[in-house]
Amino acid sequence: MTPPNDRTNGGAGLNDDIGEAKRLELYRLQVVIRESEQRAFDLFLQNLVKGTSHLSLGQEAVAAGFAGAMKKGDLSFCTYRGHAHTLARGVSVEKVLGELMQKDNGLMRGKGGSMHLTSEEHGVMGSYAIIGAHLPIACGAAWRAQYRGDKDVSVCFFGDGTTNIGAFHEALNFAAVWKLPVVFVCENNLYMEYTPIKDVIPIPQPAADRASAYGLERILIDGNDADVVYRTAQKAFARARAGEGPSLIECLTYRHSGHSRADPAKYRPEGELEEWKKRDPVKIYRERLKQFGVKEDAIAEIDASVRKEVDDATEACKAAPPPPLDIISTDVYADGGWAWRN
Amino acid sequence: MTPPNDRTNGGAGLNDDIGEAKRLELYRLQVVIRESEQRAFDLFLQNLVKGTSHLSLGQEAVAAGFAGAMKKGDLSFCTYRGHAHTLARGVSVEKVLGELMQKDNGLMRGKGGSMHLTSEEHGVMGSYAIIGAHLPIACGAAWRAQYRGDKDVSVCFFGDGTTNIGAFHEALNFAAVWKLPVVFVCENNLYMEYTPIKDVIPIPQPAADRASAYGLERILIDGNDADVVYRTAQKAFARARAGEGPSLIECLTYRHSGHSRADPAKYRPEGELEEWKKRDPVKIYRERLKQFGVKEDAIAEIDASVRKEVDDATEACKAAPPPPLDIISTDVYADGGWAWRN
Amino acid sequence: MAEISYRDAVTRGIAQEMARDPDVVFLGEDVAKPGGCFKATVGLYEQFGALRVRDTPISEQAILGAAMGAAMTGLKPIAEIMFSDFIAVCFDYIANEFPKSRYMSNGQLKCPLVVRTANGAGSRFGAQHSQSVENWCMMIPGLKVVAPSTPRDVIGLMAAAVRDPDPVIFFEHKSLYNSKGEVPDGEIVDTLGSAKIVRPGKDATICALALMVPRALEAAERLKIDHGIDCEVVDVRSLVPLDTQTILGSVARTGRLFTVEENPRLCGWGAEIVSIVADEAFYDLDGPPVRITTPHIPLPAADIMEDVVLPTPDRIAETVKRSLEA
Amino acid sequence: MAEISYRDAVTRGIAQEMARDPDVVFLGEDVAKPGGCFKATVGLYEQFGALRVRDTPISEQAILGAAMGAAMTGLKPIAEIMFSDFIAVCFDYIANEFPKSRYMSNGQLKCPLVVRTANGAGSRFGAQHSQSVENWCMMIPGLKVVAPSTPRDVIGLMAAAVRDPDPVIFFEHKSLYNSKGEVPDGEIVDTLGSAKIVRPGKDATICALALMVPRALEAAERLKIDHGIDCEVVDVRSLVPLDTQTILGSVARTGRLFTVEENPRLCGWGAEIVSIVADEAFYDLDGPPVRITTPHIPLPAADIMEDVVLPTPDRIAETVKRSLEA
Ligand SMILES: Cc1ncc(C[n+]2csc(CCOP(=O)(O)OP(=O)(O)O)c2C)c(N)n1
Ligand SMILES: Cc1ncc(C[n+]2csc(CCOP(=O)(O)OP(=O)(O)O)c2C)c(N)n1
Ligand SMILES: [Mg+2]
Ligand SMILES: [Mg+2]
């Protein structure tokens, strides 16, 4: 496990600039993701999740830390591995699980599927399943903010493997030249699908070691510590809102599960998962809360309420009907329909 | 004019490792390019060049320096601005001008046109008119050499503007990871079509400042001094042949003419062209030859013989017939034909 | 009323919309200060300023991606892809992003943008700079696709495209930039999805697009004069939405269908129209529906070759005559 | 003779060719040690080693570009594009590079390579991972395009594709990977450009491809049993070259044409076949040629929706019956 070269320390020095309310929020978000993803996996084993799914178990701190620092109006652009970021922006567990189960209560009523979670009202401007495609799209949303003088930031999440596709390069250069208020977040979980990222790059860090190619600062952080992530996000957002341009942040993390539902992740070297589980972000954060004097009770209460939310959501999804077939032909075009002819 | 941060000195120290024979060859190549390109321009004014054309007037030293260092079997991959590189590998002026004039004596008998000059027998493996497309293709040719244990090098030429397209990034990373014997040569002539490169990058040097993103050495040279280019090429080729992987070389240069035939280049700041003409590569090299004791006579003889070659070629092209129409339907497929059905 | 060039119509069309709506922004390579490589956007930078008319790096994916992100969040971007052949380097946006985001999001996201691009042959540029690729877009569900043949249509369809809430791919024909036509004064706004009968006739229907429209008209004139064959010429104008009513109506009257396409033979819009007519109006047809296309080859560069591969008025007239007489 | 899966046939087909010719090399994302995301290349890395079976970065342009450069200079690369939808991110190679270099160089350059890719719907993956995009390739002059429907054809057509001197795009159907079929022992080598009549019949011709072939066959069985309608089913197999002889011959006998396509409606291969038949065999047709397609929409993810949008045996049978009875 590469020791992350932190820019910002975690909670070690008992630096309480974050404050208890925000810390409880960051904790809650991580637990919501953890429980929902774990549930998604269980439902998959019961054959109730259809299509594919890509879990963020082990990567909760990145989603929580960024979402925790985002304001209303800030926009998230996610990948197929987007459940975590979608939940972190406040979308209900039911709507997410409903989409995974391809039910009518799903976020897009089953039309999009797990890889395309979108909730415009929460600023989740889509989840994209073609590697790299959303980086330029996030630039465009940021361009609109710049053009209009809106102060919102576009935040674009992607994986380590995504740094090798052309669109990554085009977006980074474009954002830097136009000084766009966009923050690029690389979640380096060490793997692409089944191949380690280190096998396909000639440098140690896929994103951080490329920042200079775009005139950007090298930022490599511990992605398993939500406080570190949160502080880094705040700085990048402030920079963006101040008109100083984009940031590229590489978060070191690890996925506890396979790449997608079908992957048992046998390619991992022995002991690697166990090593990383010692640095489980939820565990780290629970310790952090205690360090800052939060009572076990308060923590247990959050755990219990999240568990209940996920249980209730599960039941609601199980009970929900499948989508009606008449929506197949809606929303191809803006008139609501699908007519390509008169 | 940015002073190039040379890795290799020109001829200043009277370092005669290059030798007179090679110097005369480098000079001749530059004059062939200069005269041919100038002729192409004249023929365009006479309405005898059809389609588009992209001249390398002012960039001769790059083409000559690299070609001078290439061995038989080494492969060139060029852009639409490829006349210079094609001539530098030994293709006859007649065949090049013939293609520009869309005559039957053209290199591809008019089927390709000026942007696609190709001479397989000279190792000119195509000229590509979609920005960036040939960088990955050059990687593939280099992969073949690596796989077979062939010792040839693939050399890929492109402009400053090409460094912002996705394929650039993909190719550089791919070549570096696979340690391919490919040399990427960026001819930074300060402009894309009509927009200065500095307006669209967040760093000073479009190629050199990105080398580190691929774990490569930063190489920025004076592209108007054929000796500097030649020495840099030799080192990069030696590295490639030794299995040490790719190089990325940025050559600072300037095009004396517009981007393409129709462009009067009015976007250039006053005086810029004049400044660069002081560093005209042909002029520099003529001085260099004198410095090394080559007689004016010998130089004049080269000039005259090249002039004659270009004059003869021009006449031959004027006299040549247009291509016959029956080749329209040949060589779509390998069977020689174009049949997509039985 | 004034006679202006197709090239100037592009500028006027964009200017009309930018003047109307401050959310209309325009980006592309060399489009701002230089006014575009075809000089079709000269003056927009001066008129609308550096914030609304922007030069980009050579990064077609960034151009289209940025247009999409801006469109999604409230702007109405017009993006230029310099030559339509280059759609291949940013095809993911055309094929997978623009046209699917509304559907995949169950209507939450929108993508009101225009991609304008120089399409077609005639400039002796060779295989990578001369293609007619409107089919690359027509076959993708969720896109709208137009290709005007006259200066007036350029302005009117540009306005319609910019105002349309869906992604529209707008094909300008390189070889028409210098052509001229009468254009009314004042605002011009057309509608997407309407074909135009540009020459009425009773013996055969000829559907054509862009550069093929004047050629089809010329062929029709010759057929009339030389052989007394009276062709109806339909300028399809909009491939999606497709005005099947006008086409089917015309075939119902004439009994014969010809399509004239510049693109290579396989799977073109001609095949689509032929298939629709063959299926829905089979019993209206008095003889085989015939496609006239460029052969299924990459385009040769040389003038002499390029000239014979595109459908010419001669070839159109000859094909129609032979077929009607068969 | 042995029964093997379509998935294993992919491995066997590639292995057959790699064993035969040391110039055959294979590259793609996760194809080597992991054996591919569909597990269709498991064991090749172990059998042929790290130099011939190579994992790549997520860089589809580099993958196809590298394949082209290698092909041009003597190797016979097989490149995997994991999902056919991703052809959009490397479409420049498909549309502008592979198919044009031989022509533009007047025959000097060659491009003997195979791109294999997982195509088609049925996995509930949604709009960006389920498309049938064989038309994206068919419409490009200079490419060859195949799409096998059985394990035997996978092996035979893979061999033909690898041995072919032109670029071949090889579409494997995701929903067929688990299907099984009898395969003879020993080397299998098919030819490109031949369709197969997989069910003879006299009342109507049904042309189908890939996953649509078993569905067309099922529809034909039902039509026979339920309505006494006797359909001839043609497995098109190869879109380019296209076996028009077999198709025209079949229509000459049956008098009716139906095409069954998985891709969305506009400009599909069905339109091409219909157009060829309508033009060249108009007087053989006893009624309108009819295309059965997925509607012109992005694909929905949910099982219940995905199941109804693709042509089903029911819909095929119903359409044929209704049309023959009209
Ligand atoms: C253009 C493209 N190529 C390939 C894929 C298939 N694919 C999906 S996820 C993935 C791995 C991505 O790795 P990374 O960027 O590290 O993200 P992670 O899955 O680890 O979050 C690949 C190759 C794709 N979706 N799009
Ligand atoms: C993908 C693509 N985008 C745009 C173009 C149009 N174009 C041709 S040359 C050129 C400028 C290239 O600049 P540079 O790389 O610096 O090369 P130079 O022409 O200066 O040699 C552009 C934009 C193209 N051919 N391909
Ligand atoms: Mg990863
Ligand atoms: Mg340049």
Side-chain angles (χ1 to χ4, degrees), chain B residues 75 77 106-113 115-121 125-130 132-148 150 152 154 166-167 169-175 177-178 180 182 323 327 330-336 338-342, chain D residues 22-23 25 27 51-52 54 56-75 77 89-90 92-93 95-97 99-113 138 141-144 164-166 193-195 239-246 276:
Chain B
L75 304 175
F77 293 82
L107 201 46
M108 299 90 71
R109 303 181 72 188
K111 273 169 91 168
M115 297 202 283
H116 301 291
L117 299 179
T118 305
S119 184
E120 203 262 341
E121 62 171 310
M125 301 303 284
S127 297
Y128 298 80
I130 308 283
H134 60 318
L135 281 76
I137 298 172
C139 290
W143 173 31
R144 179 266 325 155
Q146 180 188 66
Y147 177 73
R148 290 225 178 126
D150 297 340
D152 56 289
S154 293
H169 182 65
E170 295 195 10
L172 266 289
N173 184 64
F174 191 89
V177 175
W178 286 26
L180 296 175
V182 54
I327 65 169
T330 61
D331 289 317
V332 178
Y333 293 105
D335 62 9
W338 62 343
W340 52 269
R341 63 185 286 182
N342 64 12
Chain D
D23 283 336
V25 287
L27 82 168
L51 285 180
R52 296 182 67 189
R54 300 194 69 163
T56 69
I58 305 175
S59 304
E60 279 80 3
Q61 296 193 76
I63 294 170
L64 293 197
M68 179 172 173
M72 202 178 251
T73 53
L75 300 187
V89 302
C90 47
D92 185 49
Y93 293 91
N96 289 328
E97 314 299 339
K100 295 183 168 56
S101 75
R102 179 183 293 273
Y103 190 80
M104 296 192 307
S105 69
N106 192 35
Q108 295 180 75
L109 299 178
K110 58 186 175 179
C111 190
L113 57 78
M138 184 181 185
L143 296 178
K144 293 180 176 168
D164 197 86
D166 292 311
S194 69
L239 293 173
V240 184
L242 184 66
D243 183 355
T244 50
Q245 260 169 30
T246 297
I276 291 168

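Lettering of chains follows the sequences in order, A, B, ..., and the numbering in each one begins at 1. Keep in mind it's a predicted model, so treat the numbers as computed, not measured.
- Considering all non-hydrogen atoms of both residues, D/Glu97 and B/Ala133 come closest at OE2-CB, 3.1 Å.
- Interatomic distance, CG of D/Asn106 versus OG1 of B/Thr330, reported as 6.0 Å (0.5 Å rounding).
- Closest approach of D/Ala62 to B/Phe174, counting heavy atoms only: CB-CD1, 3.8 Å.
- Using modelled atom types, no side-chain atom of B/Asp331 and backbone atom of D/Arg102 make a donor-acceptor pair closer than 3.5 Å.
- When side chains are defined from C-beta on, D/Met72 counts as touching B/Phe77, because their heavy atoms get closer than 4.5 Å.
- Across B/Asn173 and D/Pro57, no two heavy atoms sit closer than the pair ND2-CG, 3.6 Å.
- Nearest approach of B/Met108 to D/Gln108, heavy atoms of both residues: CG-NE2, 3.9 Å.
- How far CZ of B/Arg144 is from CG of D/Leu75: 7.5 Å, rounded to the nearest 0.5 Å.
- Expressed to the nearest 0.5 Å, how far OG1 of D/Thr244 lies from CZ of B/Arg341 amounts to 3.5 Å.
- Looking at B/Asn342, its side chain never comes within 3.5 Å of a backbone N or O of D/Ser194 through a donor-acceptor pair.
- Heavy atoms closer than 4.5 Å to chain B are found nowhere in D/Leu64, neither backbone nor side chain.
- Looking at B/Leu135, there are no atoms closer than 4.5 Å to chain D (heavy atoms on both sides), in backbone or side chain.
- Note that OG1 of D/Thr73 is 8.0 Å distant from CG of B/Asp152, once rounded to the nearest 0.5 Å.
- Heavy atoms only, all atoms of each residue included: D/Gln61 and B/Pro136 are closest at O-CB, 3.6 Å.
- In this structure, D/Asn96 and B/Tyr128 have side chains that are not in contact, with every pair of non-hydrogen atoms separated by 4.5 Å or more.
- The minimum heavy-atom distance linking D/Ala66 with B/Trp143 is given by the pair O-CE3, 4.0 Å.
- Atom NE2 in B/His169 sits 7.0 Å away from atom OG in D/Ser59 (nearest 0.5 Å).
- For B/Trp338, no part lies near chain D; criterion is any non-hydrogen pair under 4.5 Å.
- When each of D/Gly142, D/Pro241, D/Pro165, D/Gly193 is checked for heavy-atom pairs under 4.5 Å with chain B, D/Gly142 comes out on top.
- Contacts with chain B were tallied for D/Leu109, D/Leu51, D/Ile58; D/Leu109 has the most, counting heavy-atom pairs under 4.5 Å.
- For chain D, no part of B/Val177 is nearby; none of its heavy atoms comes within less than 4.5 Å.
- We find the CG-OH distance between D/Asp164 and B/Tyr333 to be 10.0 Å, quoted to the nearest 0.5 Å.
- Looking at D/Asp23 and B/Arg148, a side-chain N of the basic residue comes within less than 4.0 Å of a carboxylate O on the acidic one, giving a salt bridge.
- By number of non-hydrogen pairs under 4.5 angstrom with chain B, the leading residue of D/Val240, D/Asp243, D/Ile63 is D/Asp243.
- For B/Ser119, the parts sitting under 4.5 Å from any heavy atom of chain D are the backbone and the side chain alike.
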